[in-house]
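Only one structure is covered here, and it is reproduced in the block below.
Residue numbers start from 1 in every chain, and the chains themselves are labelled A, B, ... in the order their sequence lines are given, proteins ahead of strands.
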Amino acid sequence: MKRQGRLILLLWLAWLAPSLCAQTPLPVHVFAEDGPFRDSFMQALDVAAIPPITQVADPKQAELLIAIGDQAFRRAQKLHKPLLGVYVSRSEVTLAQRKRCQCEGIWAGVALHDQLAMLEIMMPLARRVGVIVGPQSAWTPGMVQDYQGRLGLTALPVSSVDELGDRLRESLARFDALLLPVDGQLFGPGTAKLVLLTSYRLRRPVFGPDRAYVQAGSAASLYASGSDLVAETLVHLQFFHSSKRLRRSGFVHTPTVAVNEHVASSFDMVFHDIDSLREALEVTP
Amino acid sequence: MKETVKKGAGIRKQLQLLGLIPALIMLLLLLVALTWQRFEDADRDLRDLGSYLAQQIASSSEYGVLAGNYDDLRRQARLAMQQADLQYVVFHDGEGKVLLYEGRGQRQDHSDVLEFHSGIYRQPVSDGDLLEGAESAGQPERIGEVVLGMSSARLLARQKEILLASLLPALFATIIGLWIAHYLARQIASPLGYLSGLLRTLRNGDYRVRGRSHLRGELAELQDDINELATSLEGAHREQQSAIDKLRHAHRQAQSASQAKSDFLAMMSHELRTPMNGVLGMLQLLEETPQSEEQHEYTLAALESTGHLLDVINDILDFSRIEAGRMDLDPVFFELLPLLENCVATFRYMAESKGLYLRLENAGELVGKMVRSDPTRLRQVLNNLISNAVKFTQEGGVVLRITTAQVRDDWLDLTLAVRDTGIGIPQHRQSDLFKAFSQIDSSTSRRFGGTGLGLAIARRLSEMLGGTLTVSSDEGGGSTFTLSLRLLYRSQAPAPLAVPAEEEDRVGGLLFGLVLLVEDNDVNLLVARRLLEHMGVTVVTATNGREALEKVRQRDFDCILMDVQMPVMDGLEATRELRQWERERGRAPIPVVALTANAMDEERDRCMVAGMNAHLAKPFRRQQLTRVLSPYLTPEHAQHGR
């Protein structure tokens with residue numbers, strides 16, 4: 001599935017290429033915290049050259065602002081220019097749009113369906129899946145309830161980190177697995193051990209929300225890697241460049257998969273290696 | 001002074017050992033026990049630490065193992081590795097697969113590493129009542145294992161520290177113990193050593209010493225006893241010394257008396273011999289002169305009497321030499337049988353003249369046997385016995401019976417029994433028979449003559465020869481004198497030994513040559529000159545040594561007869577100068593024969609040392625003079641002489 005999506009994206013870019021080449025470069029300004037990710041991101045945009053963009057130092061001269069992260073997104077909103085948030089909380093984007101901001105965003109995290117698809121592949125026998133949802137989570141309780149798949153999803157709303165432990169101990173035993181959304185408030189480094197240890201003590205595997213969690217002990221996760229975000233940003237830039245309006249907010253279409261082989265093996269999951277899992281997910285790397 | 005002999009360890013050393021050895025043994029046992037216990041403690045501490053660490057890591061690594069969080073495991077491992085002794089930490093999953101190895105250097109077999117294993121368990125959730133899966137809470141699931149490799153170097157270092165920490169006090173305790181033992185031993189041994197020295201001083205003869213050390217208890221009593229002993233010994237020593245002084249004085253007096261007697265006897269012998277020489281010589285010259293039968297009979301009687309007188313003088317001389325301890329033996333190997341035959345032959349004429357038989361029996365037992373003894377003294381003893389036997393036997397005869405018994409391979413028991421058929425000796429007189437100057441009775445002396453010294457001399461000589469001389473006799477039934485000797489012998493005669501035997505007299509034989517006669521006594525000069533002239537030699541005379549030397553320088557002599565005691569220059573000095581003069585001139589030495597009235601062996605030795613060739617004691621018989629001169633005055637010597 002992921003591979004097909006990327007193929008379609010490339011064909012679409014190829015179709016647009018002649019017209020793009022004839023157009024003037026799009027002046028953009030990137031808001032981001034200083035750091036290696038920012039440099040890499042900006043370099044990747046320059047290298048891509050499709051669409052043609054010009055990174056300008058003065059955000060006022062930019063036609064489109066790109067903000068990486070919630071804080072940068074909030075800062076960029078003050079300029080009242082078209083704004084594309086990258087790896088921004090869904091709630092943050094929604095909040096900004098309510099304020100009539102001319103902005104869209106690439107949400108932090110991946111789509112619930114994608115994450116569940118991976119879970120189904122790795123745990124074919126799983127039926128009951130708990131999904132912890134907090135106020136800042138990428139997924140909302142409504143999204144969980146709207147799920148129409150074969151799995152029985154149950155949203156476990158948690159308002160703060162303090163409730164997390166109790167909620168896990170109360171609820172985990174009823175599920176076959178636990179799914180975690182991207183939530184900077186709930187699932188940071190400080191709570192990973194709590195979540196994971198509690199889950200594993202109750203022999204319940206945890207999926208999501210990102211690569212760091214997989215490294216910390218989550219069984220597997222689809223996550224938006226840096227290249228995924230660059231690719232998704234380029235799609236948004238191309239759309240803006242051609243239509244002079246922002247593309248609708250959403251998760252990355254081609255997330256990356258990460259698996260904790262030790263945990264996967266210990267739970268006897270259907271998993272042999274990362275490549276076979278990618279194939280199964282039909283997601284291009 | 002007698003040296004002190006060390007007999008084993010001294011009391012001081014024994015006390016030191018007695019005090020030290022049990023303490024050392026106890027110390028050693030305690031040291032071993034304590035060290036062993038501390039070793040065990042150190043080992044247990046290390047194992048406890050290892051187990052504790054393993055358990056701690058295991059309990060804290062649950063999450064890492066469950067979550068496959070290698071960073072967490074590595075962090076746990078590195079945290080544990082801050083313990084210096086920890087060499088490696090290995091995490092295994094539930095199936096034993098290695099999850100993580102964190103160690104110092106490459107993973108390898110560590111022979112000196114102690115491994116500690118601790119299981120990693122999935123812990124139950126604390127709020128178990130809320131969990132449906134709480135069924136496993138009572139039985140934790142083992143999800144892995146942590147293995148710690150802990151170096152035993154620390155244990156070894158700790159053990160070394162313990163050993164050092166134990167040995168140092170032990171060494172200190174040993175030194176203290178040694179010092180205490182040494183001090184105590186000295187406290188006890190010093191008084192004993194002092195008292196021992198006191199006794200040693202007493203033993204070495206210093207009885208004036210007294211113990212004055214301030215001792216207590218038994219040692220003080222011992223010192224008092226030693227002092228009393230010293231007092232007693234000093235008194236006894238004083239008395240003993242006084243007695244010894246008296247004895248020494250008496251001994252010196254006795255020695256002086258004995259020496260005076262010997263000197264007197266020697267002087268008397270010399271003084272008697274000198275005139276006797278004149279008498280005997282003159283009688284011998286008189287016998288040669290034409291005489292009537294009556295005169296000849298008188299002359300023979302005078303000669304016989306002179307001979308008896310000479311025998312008496314010789315007996316007295318021998319006895320005095322024996323008494324003075326100056327009678328020396330000259331033992332040699334010689335063939336005994338010829339000596340015995342010669343003794344018998346000597347007296348055969350006398351026996352036959354009295355109508356007696358004189359036989360030698362069992363002579364075959366001595367054929368081919370050489371014995372070691374002094375043949376001269378043995379002959380003297382036998383001559384005495386045979387002479388007595390012949391003298392005191394009027395009828396029958398005398399038998400010399402030989403009996404031998406081999407003791408070992410080279411020793412022979414020899415018995416020579418002289419049995420006669422004479423008058424016998426009463427039983428009660430036999431014990432006095434061998435005493436000096438003793439005869440059965442004075443009538444015997446008057447009847448048979450003699451001084452009574454013969455048997456005494458014979459017994460003394462027998463004892464000097466290592467044997468005994470005994471007598472068995474019945475009055476009127478004859479007597480048997482038995483000489484028993486144990487002699488070293490050998491069967492094969494290596495070379496014929498010249499047995500001093502009575503050589504054939506050369507009474508009628510003539511001598512040749514020029515003789516210098518040196519004699520200060522006119523009578524003796526005359527006697528010797530006449531005897532020599534009758535022998536056929538030419539005589540030149542001198543009256544002292546100086547004159548003799550002058551004449552020697554003027555003429556060549558074939559022989560010199562030299563008196564010893566002379567005025568101006570004695571014979572010994574004259575001989576020494578003669579030999580010196582001969583050496584200086586390179587001349588052949590002139591034979592010098594000493595003529596002296598001193599018949600002692602010492603006199604003979606002095607003559608030989610002075611350079612004389614022979615010795616002839618005065619008074620001498622014609623035959624003796626002929627015998628002593630004949631080697632030098634034969635025609636051959638005279639012709640080839642000077």
The interface call for B:Ile143 against chain A, heavy-atom contacts under 4.5 Å, is neither

- Task: Mark yes when over 12 heavy atoms from residues, nucleotides or ligands other than A:Arg150 sit less than 6.0 Å from its CZ; otherwise mark no.
- Result: yes

Any donor-acceptor N/O pair, A:His262 side chain to B:Asn69 backbone, under 3.5 Å = no

Does atom CD of B:Glu115 have more than 12 heavy-atom neighbours, drawn from other residues, nucleotides or ligands, at distances under 6.0 Å?
yes

When rounded to the nearest 0.5 Å, the distance separating OG of A:Ser266 from CZ of B:Arg122 is 7.5 Å

Query raised in the report: For atom CZ of A:Arg167, is the number of surrounding heavy atoms from other residues, nucleotides or ligands below 6.0 Å larger than 12?
Result: yes

Separation between CG (B:Leu66) and CZ (A:Arg203), nearest 0.5 Å, reads 9.0 Å

From the list B:Gly94, B:Gly64, B:Ala67, the residue making the most non-hydrogen contacts under 4.5 Å with chain A is B:Ala67

Okay, B:Asp71 and chain A: the region with an atom under 4.5 Å from a heavy atom over there is neither

Tell me if the CD atom of A:Gln43 is crowded by more than 12 foreign heavy atoms within 6.0 Å.
no

Is it the case that atom CD in B:Glu40 sees more than 12 heavy atoms from other parts of the structure closer than 6.0 Å? yes

**Report entry** Check: A:Ala216 main-chain N/O paired with B:Tyr63 side-chain donor or acceptor under 3.5 Å
**Finding:** yes

